[in-house]
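Read the structure below first, then the notes.
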Amino acid sequence: MCESISVVADVSDVTNQFQIDNVLSYVSNRYEIKPTQSVSAVVVRNNKRLLDEFRWGLMPFWAKESVWMDSSSISDKRIFQRIIKKQRCIIPCSAFYVTTTENKSTRWVKVTMRSGTFGIAALYDEWHSASTDEELRTCTMFMTRANSIVSPYHHQMPAILEGDEIDEWLKPDLKDPYRIKSMLRPMEELRMTSYILASPKDKFEPVTEPELQRPELA
């Protein structure tokens with residue numbers, strides 16, 4: 001499972017890579033972003049690509065799919081059938097983290113694309129609180145079966161999209177559920193890399209930036 005993500009790319013690089021027309025908000029220089037925290041996502045409104053801020057985790061947050069949506073079960077979820085046809089987005093990402101346990105100690109594993117910044121297929125929704133009149137933009141990321149890079153640690157990984165697939169994912173007229181589901185597949189192993197971080201961490205403790213960036217020593 002993707003425990004957290006890292007976003008460290010400059011906004012100019014993200015704007016160019018994802019062909020952003022307007023930056024409304026960009027959450028950057030974050031070495032660890034956890035569920036319920038703010039992330040930036042690429043959405044299409046009025047035929048323009050916007051980069052905006054969302055809370056990672058749909059409402060209600062306690063629902064299993066609020067943070068991670070299993071791509072194999074999207075056809076079984078009526079709410080996702082509603083929003084997947086018109087509220088798809090992309091979460092720019094520099095790395096994601098999974099955990100592994102060795103000798104009763106939890107350690108963090110950093111997973112990246114060799115090419116650099118990548119996009120995770122996601123959905124967004126807008127939630128309105130009747131009690132506080134609060135408007136909250138939220139999102140959840142798609143998970144697919146793990147490739148050989150991630151499978152030693154977990155059976156699922158984020159669904160990563162690139163190039164033409166990002167363009168297609170963001171098209172409002174993409175409504176074929178079979179095509180949508182076919183895009184949510186594991187990334188090629190040769191294009192990815194991973195390493196165990198140097199400092200053992202309990203998965204619920206905060207991870208400081210220097211520790212996240214220091215690879216394991218031989």
Side-chain angles (χ1 to χ4, degrees), residues 1-45 48-58 61 66-69 87-99 108-127 134-143 150 157-163 165-167 169-170 187 191-195 197-199 201 203-215:
M1 188 61 69
C2 173
E3 304 285 353
S4 56
I5 65 173
S6 171
V7 180
V8 296
D10 292 336
V11 65
S12 58
D13 295 333
V14 171
T15 299
N16 291 332
Q17 180 173 341
F18 295 93
Q19 301 175 10
I20 305 298
D21 295 302
N22 192 7
V23 177
L24 302 180
S25 179
Y26 181 52
V27 180
S28 182
N29 296 320
R30 297 283 299 281
Y31 290 91
E32 186 185 33
I33 300 175
K34 294 182 178 181
T36 75
Q37 294 180 335
S38 295
V39 297
S40 294
V42 183
V43 299
V44 173
R45 296 188 185 125
K48 299 289 186 180
R49 285 193 188 182
L50 309 179
L51 188 63
D52 206 351
E53 183 177 337
F54 293 79
R55 193 190 87 149
W56 181 8
L58 301 178
F61 181 70
S66 65
V67 176
W68 307 285
M69 180 61 191
Q87 293 172 204
R88 295 182 300 273
C89 62
I90 294 288
I91 299 175
C93 189
S94 303
F96 65 88
Y97 299 97
V98 295
T99 54
W108 290 79
V109 181
K110 181 178 182 179
V111 185
T112 64
M113 289 286 292
R114 297 183 184 275
S115 57
T117 306
F118 55 93
I120 298 176
L123 298 178
Y124 73 92
D125 199 11
E126 295 179 349
W127 179 80
E134 178 187 14
E135 193 80 20
L136 188 64
R137 294 187 301 273
T138 62
C139 64
T140 182
M141 64 175 60
F142 274 108
M143 305 297 289
V150 181
M157 63 177 288
I160 299 172
L161 301 180
E162 292 185 300
E165 285 191 329
I166 289 179
D167 296 339
W169 182 260
L170 293 174
M187 176 55 64
R191 304 191 60 197
M192 303 184 72
T193 186
S194 68
Y195 57 83
L197 303 178
S199 180
K201 288 288 177 181
K203 65 187 293 187
F204 295 110
E205 290 182 355
V207 182
T208 61
E209 295 180 8
E211 288 166 328
L212 279 173
Q213 293 303 297
R214 187 173 63 249

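At least one side-chain heavy atom of I5 sits less than 4.5 Å from a side-chain heavy atom of W56. By the 4.5 Å heavy-atom criterion applied to side chains, Q87 and Y124 are counted as neighbours. A 4.5 Å side-chain heavy-atom check between V7 and P92 finds every atom pair outside the cut-off. Side-chain contact between L136 and R55: present, with at least one pair of heavy atoms (C-beta onward) separated by less than 4.5 Å. Side-chain atoms of F142 and I120, non-hydrogen and from C-beta on, never get closer than 4.5 Å to each other.
In terms of the side chain to side chain contact (heavy atoms under 4.5 Å, CB included) criterion, residue partners of V44 (sequence neighbours excluded) are, by chain and number, R49, L170, P172. Partners of R191 under the side chain to side chain donor-acceptor pair (under 3.5 Å) rule, at least two apart in sequence or in another chain, are E162. Scored by the side chain to side chain contact (heavy atoms under 4.5 Å, CB included) test, A9 finds V14, Y26, S94, T117 as partners (sequence neighbours excluded).
Annotation for W169 and A122: closest pair NE1-O, 3.5 Å, computed over non-hydrogen atoms. Taking each heavy atom of P35 and E3 in turn, the nearest pair found is CD-O, 3.5 Å. When all heavy atoms are compared, the tightest approach of Q37 to E32 is OE1-O, 3.8 Å. In this structure, T138 and L58 approach most closely via the heavy-atom pair OG1-CD2, 3.2 Å.
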Exercise for the section: Tell me, with the steps shown, if V111 and M157 meet side chain to side chain contact (heavy atoms under 4.5 Å, CB included). Expected result: CA-CA 10 Å; V111 185; M157 63 177 288; over 6 Å; no
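The CD atom of Q17 sits 7.5 Å away from atom OG of S115, with the distance rounded to the nearest 0.5 Å. To the nearest 0.5 Å, atom CE of residue M192 and atom CZ of residue F96 are 4.0 Å apart. Atom CZ in F118 sits 3.5 Å away from atom SG in C93 (nearest 0.5 Å). The OG1 atom of T140 sits 13.0 Å away from atom CZ of F54, with the distance rounded to the nearest 0.5 Å. Here I20 contributes atom CD1 and S12 contributes atom OG; the two are 12.0 Å apart, rounded to the nearest 0.5 Å. Going from atom OG of S25 over to atom CZ of R137 covers 7.5 Å, rounded to the nearest 0.5 Å.
Formation of a donor-acceptor pair under 3.5 Å by the W108 side chain with backbone atoms of V98 is not found in this model. Put simply, the side chain of S40 gets close to the backbone of V27: a donor and an acceptor are under 3.5 Å apart.
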